[in-house]
Amino acid sequence: MPSATVTSAVASLREPPACEREEPSLRWPFVAWSLPWWWCAWGLGWWRVSLRQLENLAALERTFAVVAPWAATIAVLARFAGVLLESAFYAAFWRARGARLPVWRYAFHVMLGSLVDLQAIDLVAARPVDAPLSPWRVALAGPAALPHVLVMRHPVLAGAFAGLGLLTFGRWCWVAWAQGAAVRRPLRITLALVAASWLVTHLAAAAAIALAQGRSVVR
Amino acid sequence: MSRDLPHALSFGGWFLLALPLAALLVLGSAWLLDRTRPWESARWRTERFVLLGGRLDPSYRGERWVIAVQPECPHCMAEAPVLADSARRLGIRVVALVVDSRAQPALHRAETLRVDELWWDAQGVWRHRWGHRLYGELMRFDAEGRLLDGPDAGRGSTRGLARPREEGR
């Protein structure tokens, strides 16, 4: 065997595989300097929503109003950890299947998709509790936009699948596209994976709500 | 091509994949056990509880609202007087049932909660026999002590519902 060929073969063994050397196929969607600002805007949006939800509880218990801003901050940090955990889970899943998903880039795309959830929540909050049924709101934001009386008939399902609307479907498509671009798989595969993961986690949420509720009457 | 990556998943990676699956398994099992456990139908029978305060009215033959309160739960302690006022306007008798309290609660005055009767669930009937879990829940019982709504209701339990007495009795 010619020595040049042997040298080349040894060198190729030492080098990392081609796939590890190349730039990840999922690109940052914005210039680098703007990325922290996007994260800040996301955090601020969720902090505002969390605070509004906690203030509804504080209306019943005044002492809770003092700690509500701190509780909202903790909720945002928990959500941030959730985004990272979700991204790390998908990265581990694809790594086990021989593909590479860059965690931080994918987490950024998940965060951008999460901004759509904020819009859905605001769409529901903008509607008075006793307002009549608004089909377009329900189609966009999901069962959370249903009148309170209808939601209370099935509190477990309504609680777990409150956000199942077109906006959520749009978010699935967005993160599935990002995942597909990163691991070079067809959109239908990644969309099925994202939808299945969403379904399983929300079924788990329904089970958790049912356990917490027991046979208690919810009004 | 990313497909050429070796299936080299670290321990942390496998842990990350296995953890949600294990959690789902545990949660699913807990849910299944809870759903298949035979629960007692909730019935308002005063001999199962300890009277702490208020005044009984043996002649009352109307609907009765029972609020499950826990002294450590500020939300349900704040909600109980509001519900009691609503019920009183309808001429319905209101009962506060102190739940999940091993020692006899320090609440000796029904006036604090503005309820007609204050009872203590010393045996844990509400949680362990009926399977109820939400503090501050409102249970509506008919004159015979049958629950009017919720999972225990049905089988015509609303039949025979006596009309509540008029306010100012």
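Computed over heavy atoms, backbone and side chain alike; hydrogens, waters and symmetry mates excluded. Computed from a prediction, not measured in an experiment: that's the story for all the values here.
Other residues, nucleotides and ligands contribute more than 12 heavy atoms inside 6.0 Å of the CZ atom of A:F30.
Highest contact tally toward chain A, considering only B:G131, B:G28, B:G136, B:A30, is held by B:G131 [criterion: heavy-atom pairs under 4.5 Å].
Interface remark: B:R127 contributes no atoms to any contact with chain A (heavy atom separation under 4.5 Å). Within the 4.5 angstrom heavy-atom criterion, no atom of A:A91 approaches chain B. Looking at B:L32, neither its backbone nor its side chain comes within 4.5 Å of chain A, counting heavy atoms on both sides. Heavy atoms closer than 4.5 Å to chain A are found in both the backbone and the side chain of B:L134.
A distance of 6.0 Å or more separates the ring centres of A:W46 and A:F80.
Without hydrogens or angle criteria, A:R127 side chain to A:A145 main chain gives a donor-acceptor distance under 3.5 Å.
Atom CG of B:L118 sits about 10.5 Å away from atom CD1 of B:I67, to the nearest 0.5 Å.
A salt bridge does not link B:D34 to B:R37: none of the charged nitrogens lies less than 4.0 Å from a carboxylate oxygen.
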